[in-house]
Amino acid sequence: MARQVLLFIDGAWAPALGGDFVDVVNPATEETIAHVASATIGDLDRATEAAQRGFAIWRHMAPAERSCIMRRAAEILRSRIDEIARLLTVENGKPLSQARLELASSADMIEWFAEEGRRAYGRLVPARAPGTLQMSLREPIGPVAAFTPWNFPVSQVAKKLAAALAAGCSIIVKGPEETPASPAELIRAFEEAGIPPGVINLVYGVPANISGHLVPHRVIRKVSFTGSTAVGKQIAALAGAHMKRSTMELGGHAPALVFADADLDAAAKHLAASKFRNAGQVCIAPTRLLVQSDVHDAFVDRFLEETDKIIVGDGMDAEVTMGPLVHERRLAAVEAMIQDATAKGADAATGGRRIGNKGYFLEPTVLVGAPKAAEAMNREVFGPVALINRFSGIDAAIEEANRLPYGLAAYAFTRSTATAQAMADSIEAGVLGINHMAVALAETPFGGIKESGHGSEGGAEGLEAYLATKFVTQQAG
Ligand code: NAD
């Protein structure tokens, strides 16, 4: 019998009040493998009431005690990596090795914030009048509504959950309906670690109904969303209308600039691995590869060699390095962008077609010389498609890198310190990797600018997102 994934509200797992479930499909086989409960407004109201009670308990628990529960949850998660990775792979499609890495990095995130939460210090401000104590206090902002996508079903939840809990907030997570089982197991780890009822609540359902109810809700004080720019704008507008603080992690269209003095082998290796990870369904995946003319052809050859090594198939097979796209609509959207680019003059140096007719598999695709008018050069592709174009001088490369309204990740490969510095000075992005790709770690700030969103997750900045400042001034009575 197909598995059922339930809602977690007020410390208990239960079906939705209306009894509705939504099918969960394995993208490699197109088989229905599970059913996920779809919350009603009544369930959401139970969740907000629970989050309010949970907040009253959690905010007053000593940071050291909260830290202890979080570290225990991370330990439980680590001990189950193999088991949960399988659930993640059959729902999302990514290779098992990538699912394991995602779980390990989620445990890492929880551990890091468990420590950082102990250091949410305020400060004393020297007073003008004698006998006066001026205190700037840091307080948890309150119950959070968090919306997370299917591309990293566990780590996208872990990022928001870990920072919110570390700050002393309670949270309602709307998890991804396409991939619900693995985030539910993350929450189960916290349940077993002893998190008090109501501090974490997990719901699934019709996304617009859930955000439409939770974002304006009087109990909710903070909104955090990861997903597309189009949906992010709607949720940010709703949050603004109700004066809720928000963090928006939205889409990207990362440029990667490869200069003539770069280590071409390393650049091709890093960029191909990063491009095709999770079948390209990653907001920081390099998409526009801009290569200096003198080395353009040599780089294309090396990048194609790396692309040729990719083994596409069911992520449960040990040798597979790239799985299917997550659902049919992504396959149709990416295929349409490839067709549009080739019709407008791009050369499909490799790939471009669906593989087989069962499962949402697409060939790793390299498009060379796509014109700026191609849709893929302007809209987030979110699939296994690399666009390689040439540039001559650094100014033209910077202009192209900054041309789009996105500003999430960017990359550059060069051996010149001056060029590296010019990149740091002029590229419009929230994160920039120079000669490597490690731009998202627990201890470093991660987030976009322009239409890629606002706010940071990760690092001290990630904790800050869930804290409010209260100034208290006191004289002896
Ligand atoms: P989509 O825009 O329909 O959904 C994206 C995510 O937002 C999903 O998790 C969905 O459940 C959620 N969502 C949609 N409408 C919502 C609403 N009104 N309220 C709350 N949540 C809502 O797109 P899709 O086809 O699922 O994914 C494709 C696009 O999503 C990509 O092009 C990419 O831009 C974006 N995306 C970005 C990330 C990221 O990490 N930034 C992750 C997944 C998807």
Side-chain angles (χ1 to χ4, degrees), residues 22 24-25 27 36 38-39 44 91-94 102 145-160 172-180 183 202-217 220 223-239 244 246-254 277-285 287 325-337 360 375-376 378-385 404-409 430-431 439-440 446-458:
V22 177
V24 180
V25 172
V36 58
S38 181
L44 302 179
E91 291 186 350
N92 166 281
K94 68 179 67 179
E102 178 177 342
F147 301 86
T148 64
W150 42 262
N151 59 341
F152 290 92
V154 176
S155 65
Q156 299 274 23
V157 178
K159 276 184 186 178
K160 299 183 193 304
I172 303 173
V173 178
K174 188 209 79 69
E177 291 72 27
E178 295 86 347
T179 57
L202 174 68
V203 297
Y204 298 97
V206 178
N209 293 353
I210 298 181
S211 56
H213 191 69
L214 290 186
V215 174
H217 199 286
I220 299 300
V223 175
S224 182
F225 172 80
T226 299
S228 61
T229 292
V231 176
K233 283 182 178 175
Q234 291 168 22
I235 295 187
L238 193 57
K244 304 292 170 82
S246 65
T247 298
M248 293 284 143
E249 296 290 353
L250 310 178
H253 202 293
R277 180 169 70 113
N278 207 13
Q281 302 167 113
V282 183
C283 52
I284 56 170
T287 295
L325 296 177
V326 80
H327 43 52
E328 206 162 10
R329 68 173 184 272
R330 292 281 350 121
L331 186 65
V334 180
E335 274 186 302
M337 282 206 209
Y360 312 131
E375 208 188 340
N378 296 282
R379 273 191 40 213
E380 187 170 35
V381 182
F382 229 62
V385 181
L404 298 185
Y406 298 105
L408 187 52
V431 295
V439 293
F446 175 86
I449 58 168
K450 295 162 75 178
E451 293 197 6
S452 291
H454 53 244
S456 290
E457 294 189 317

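Both counts, for ligands and for their atoms, begin at 1 and track the order of listing.
- Side-chain contact check for Q281 versus L325: some heavy-atom pair is nearer than 4.5 Å.
- By the 4.5 Å heavy-atom criterion applied to side chains, S38 and E177 are not counted as neighbours.
- N92 has its side chain within reach of N278: a pair of non-hydrogen atoms, C-beta onward, lies under 4.5 Å apart.
- At a threshold of 4.5 Å between non-hydrogen side-chain atoms, the residues F225 and V215 do not count as touching.
- Listed by chain and residue number, the protein contacts of ligand 1 are F147, T148, P149, W150, N151, Q156, K174, E177, P207, A208, S211, F225, T226, G227, S228, V231, I235, E249, L250, C283, H327, R329, R330, E380, F382 (heavy atom within 4.0 angstrom).
- For the pair E178 and R329, the salt-bridge criterion is met [side-chain N within less than 4.0 Å of a carboxylate O].
- With sequence neighbours excluded, the residues that form a side-chain contact (heavy atoms from CB on, under 4.5 Å) with E380 are C283, F382, Y406.
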